[in-house]
Amino acid sequence: MSTPNGFPQHSGACVTRSTEGGAVQDLHAKKAGKAAKKDAGGNGALTFEDAASAGTALSETLKLLPNELKANMKMKPLTPRPPQKPRLERAASLDEKSWRRWRRFRTSQESLTDPNETSSSNGSLQEASLSPLTRGRASPCHRCCHQNSLHSSPDASEASAVGKSRGSPSDLGKRASELSSAFGGLLRGKAFAGSKPRLSQVMPARPLPPLELSMASHLLRTANRIDSDCLDYRQYSQHKFGRVSSSLSDTRLHGNGMVYDNCSTDSMKSTFSLLTPIRSKDVRSRSYLEGSLLASGALLGAEELSRYFPDRNIGIFVATWNMQGQKELPLNLDDFLLPADPDYAQDMYVIGVQEGCPDRREWEIRLQETLGPHYVMLYSAAHGVLYMSVFIRRDLIWFCSEVEYATVTTRIVSQIKTKGALGISFTFFGTSFLFITSHFTSGDSKVNERKLDYNKTIQSLTLPKNVPDTNPYRSSSSDVTTRFDEVFWFGDFNFRLNKDRETVDSILNQNPETDVSRLLAYDQLTSEMSRGSIFKGFQEADIRFRPSYKFDIGKDSYDTTSKQRTPSYTDRVVFRSRYRDDIHAVKYSSCPVIKTSDHRPVFALFRVKVRPGRDNIPLAAGQFDRELYLIGIKRRITRELQKRKEQKDQKSSSICSIS
């Protein structure tokens, strides 16, 4: 409705943003009251008796207003215009609609109106009620008056526009009437539903720059992150293992009610990177008990384990190789450590060497160079010419306990350390691991000596030392393999085939497709394990590769010397677990492309179940061989640059012949 004078009826008033709000309101109301009188209807609208009094009141009012409000209230000729048609917007998702509905509810309670975030219909009404001069930056008074006028009829909104003439007394009277009506309503306390006035929300002077799609830092830890060269691994691994996922997924956030739209999700990701956000109230109310498996936020607890390994299985690469003491190392170890099948890397790499090369450090550098920057060497140990190196993904070093090792010499003269065993043990989350590499007595007929080597190893290997046993009730003081959850034993066990050379050659020639089932019938280790005289409780994956011993160096042919040694499966990998079906063998094979020794490297891939642990064990604190890491990465970069240079030189030196 409108008053008889044609001015709009207001049910409330607005509040300015100036800090002198209370004083300005009182003084302005007094001065405006002298020049105005209430309408007969008592509806709160004020009129002026003459144009002179209106001009005087308006000039005095503007003196009291801040400079910013004065600039926004310059008088310019305006033409009334009807409301614009609603602007077309893109279809909003359900999350965006719920967020906008919640936002409008909050702003309606606080009497805030933001033209940049309201719906299209409200925006069109606001544009209709504001002048072209102040449409981009409306004063607080105009915003509040317009919000109250939304409840009135469209005629009242159209009548609120000022006249065309700039200097006419009627126009000045209308503007003064609007200002006086606003301040008068504020004095009566009708501007807000509550008793206390609230300031309007402060909005930025210009629109904020758009956020990028992903603002996560590339220097964060790489857990659950895939390289650009292996983008197809995510789809493959989800189909086969279902364990590769982001720690902060949109579905998870929306399901917990933490965010309301995609923009908020991107903002959450940019704030918390790839880590799951932690609420302050959760930190305050956390009840942490040392050594508890169910403690919320425990480093080795179930919550952290499920975040890194949803299926609670890790991939382990175990390999053994008798180097024959050769100084020359293979030019490329990719086929050995990174086989083409399967096409994904493992979480842990454990490599044992017998009769290792003279330069042990150079061997470790080559391993680091091949595995690259995603892996670090957790620990390495040596016993004479027995070497063992443990590499792990750099994201997982925080969940490892202190690493311990022990050695056993099986020769009569203990100073000669060519035969014996080397063990390394540690706990990963709540699962204890023991890795043993051995070199047993050689000789075709010395089966009993090899069994003695085994018995001496399990009795004399003093592990663990400081790291507590995860299940002491199932341990035995006379067998080190019973004191750990998962045990992997690998090396040159020197067990041979009980058959002459001619028969073995005929079987190999008849089965070029590596059908070696007939050969295994003569295998000494398979026979002794079936009797239970050695490796009690251990298992071995199915052998589908040719014998790994004895080759002519640099060739694919077996021994052609005068000794004519019988090809045999001397290099083996066996495993045992405290719990049934904890270890699953994925692949068991050899690497025929490495020919620098008379032995071929043998490796096995496993999927091992991991359980949550307690935080009261001594941790490794993320320690690794940093010097080795830097040298290996530098070598890797140098090799890549040299390869590119060779390719460039080859292209530039090519000769084209015209016939």
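The structure presented is a predicted model; accordingly, all values stated were derived computationally and were not measured. All heavy atoms count here, side chains included; hydrogens, waters and symmetry mates do not. Positions are given from 1 along the sequence.
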- Message: If you define the side chain from C-beta out and look only at heavy atoms, does anything of L337 sit under 4.5 Å from I351?
- Response: yes
| field | is_close_aromatic(F440, Y454), centroid dist under 6.0 Å | value | no
ask   = Is the shortest heavy-atom distance from the side chain of L619 to the side chain of L299 under 4.5 Å?
value = yes
Q | Atom CD of E362: over 12 foreign heavy atoms under 6.0 Å | A | yes
For this session: Using atom types as modelled and distance alone, determine if a side-chain donor or acceptor of S432 lies under 3.5 Å from a backbone N or O of D485.
Result: yes
Review point. Can R546 be said to sit on top of Y558's aromatic six-ring, NZ or CZ under 6.0 Å from centre and within 45° of the ring axis?
Key: no
Notebook entry, point to check: For I316 and L605, what are the C-alpha separation, side-chain angles and deciding distance, and is it a side chain to side chain contact (heavy atoms under 4.5 Å, CB included)?
Noted result: CA-CA 6 Å; I316 299 181; L605 306 181; over 6 Å; no
Worksheet item: Between E303 and R307, is there a salt bridge with N-O shorter than 4.0 Å?
Response: no
*Do R360 and S380 have side-chain heavy atoms sitting under 4.5 Å apart?*
yes
All heavy atoms of V480 vs all of L461, minimum pair found to be CG2-O, 3.5 Å
> Is a side-chain N or O of N494 found less than 3.5 angstrom from the main chain of T570, in a donor-acceptor match?
Replying inline: no
### Message
Side chains of S478 and Q459: any donor to acceptor distance under 3.5 Å?
### Response
no
What side-chain donor-acceptor pairs closer than 3.5 Å can you find for residues 323-334, not counting sequence neighbours?
{"residue": "Q324", "atom": "OE1", "partner": "D598", "partner atom": "N", "Å": "3.3"}
{"residue": "Q324", "atom": "NE2", "partner": "D598", "partner atom": "OD2", "Å": "3.3"}
{"residue": "N332", "atom": "OD1", "partner": "D334", "partner atom": "N", "Å": "2.7"}

Quiz item: Do F426 and P464 have side-chain heavy atoms sitting under 4.5 Å apart?
Solution: no
Between the CG atom in L497 and the NZ atom in K499, the distance rounded to the nearest 0.5 Å is 10.5 Å
| request: Kindly indicate whether the side chain of P601, heavy atoms from C-beta on, has any atom under 4.5 Å from the side chain of S548. | output: no
Residues 518-538 vs salt bridge (charged side-chain N to carboxylate O under 4.0 Å, His left out), sequence neighbours excluded, gives K451-E528, D523-R572, E528-R531
- Query: Is a side-chain N or O of Q368 found less than 3.5 angstrom from the main chain of I631, in a donor-acceptor match?
  - Reply: no
* With a 4.5 Å heavy-atom cut-off, do T566 and P547 have their side chains touching? -> no
So, does D625 use its side chain to make a donor-acceptor pair with the main chain of M377 at under 3.5 Å? no
N448 and R450 side chains, donor-acceptor separation under 3.5 Å
no
May I ask you to check if R600 and F551 form a cation-pi contact, with NZ or CZ under 6.0 angstrom from the six-membered ring centre and within 45° of the axis? yes
Original post:
Checking side chain to side chain contact (heavy atoms under 4.5 Å, CB included) for the pair M348/V608: CA distance, chi angles, key distance, verdict?
Top reply: CA-CA 11 Å; M348 192 182 303; V608 183; over 6 Å; no
Closest non-hydrogen atoms of S577 and E486, given as atom of the first, atom of the second and distance, are OG-OE1, 2.8 Å
State plainly whether the residues R611 and D582 are in salt-bridge range, i.e. N to O under 4.0 Å.
-> yes
Subject >> Side-chain touch Y549/R565, heavy atoms, less than 4.5 angstrom >> reply: yes
Test item: S527 side-chain N/O and Q524 main-chain N/O as donor-acceptor pair under 3.5 Å: no
Sidechain N-carboxylate O distance under 4.0 Å for D444, R496
yes
Rounded to the nearest 0.5 angstrom, the CG-OG distance for D469 and S475 is 3.5 Å
F575 and F488 aromatic ring geometry - parallel, tilted or perpendicular at 30°/60° bounds: tilted
- Query: Is a side-chain donor or acceptor of D453 paired with a backbone partner of T441 at a separation under 3.5 angstrom?
  - Reply: yes
query: Aromatic ring centroids of F535 and W489 under 6.0 Å?
result: yes
- Message: For the backbone of K465 and the side chain of E404, can you confirm whether one donor and one acceptor N or O come within less than 3.5 Å of each other?
- Response: yes
For W363 and W321, take the angle between the two ring planes, folded into 0 to 90°, and tell me which bin it lands in: parallel under 30, tilted 30 to 60, perpendicular over 60.
tilted
Is there a donor-acceptor pair closer than 3.5 Å between any side-chain N or O of T320 and the backbone N or O of D571? no
For S476 and T482, the nearest pair of non-hydrogen atoms, with its separation, is N-OG1, 2.9 Å
Rounded to the nearest 0.5 angstrom, the CD1-CG distance for I436 and L386 is 12.0 Å
Only residue of F317, Y349, F391 satisfying ring pair (Phe, Tyr, Trp, His ring centres under 6.0 Å) with Y375 is Y349
Q.
Do R394 and F624 form a cation-pi contact, if we require the NZ or CZ to be under 6.0 Å from the six-membered ring centre and within 45 degrees of the ring's axis?
A. no
Taking every heavy atom of A585 against every heavy atom of F606, the minimum-distance pair comes out as CA-CD2, 3.8 Å
| request: Would you kindly say whether H439 and T410 are connected by a side-chain donor-acceptor distance under 3.5 Å? | output: no
| said: Which label fits F493 and F495: parallel for a plane angle under 30°, tilted from 30 to 60°, or perpendicular past 60°? | reply: perpendicular
With a sphere of 6.0 Å drawn around NZ of K595, does it hold more than 12 non-hydrogen atoms of other residues, nucleotides or ligands? yes
Value for CE (M529) from CD (Q539), rounded to nearest 0.5 Å, stands at 8.0 Å
Minimal heavy-atom distance between P618 and V467, with the atoms involved, is CG-CG2, 4.2 Å
Inset, instruction - Determine whether the side chains of T431 and R578 contain a donor N or O and an acceptor N or O closer than 3.5 Å. - result: no
Evaluate F545 against Y588 for side chain to side chain contact (heavy atoms under 4.5 Å, CB included), listing each step before the verdict.
CA-CA 8 Å; F545 53 92; Y588 191 25; 4.2 Å; yes
K563 atom NZ, over 12 foreign heavy atoms within 6.0 Å:
no
- Min side-chain heavy-atom separation I617-P468 under 4.5 Å: yes
Aromatic ring pairing F399/F429, orientation class (parallel under 30°, perpendicular over 60°, tilted between):
parallel
Practice problem: Please answer whether the main-chain N or O of C357 pairs with a side-chain N or O of Y387 as donor and acceptor at a distance below 3.5 Å. | Solution: yes
- Within the distance-only criterion (no hydrogens, no angle test), does the side chain of K587 pair as donor or acceptor with the backbone N or O of P342 below 3.5 angstrom? no
Yes or no on side chain to side chain contact (heavy atoms under 4.5 Å, CB included) for V350 and F490, after CA distance, side-chain angles and deciding distance?
-> CA-CA 10 Å; V350 184; F490 46 98; 3.8 Å; yes
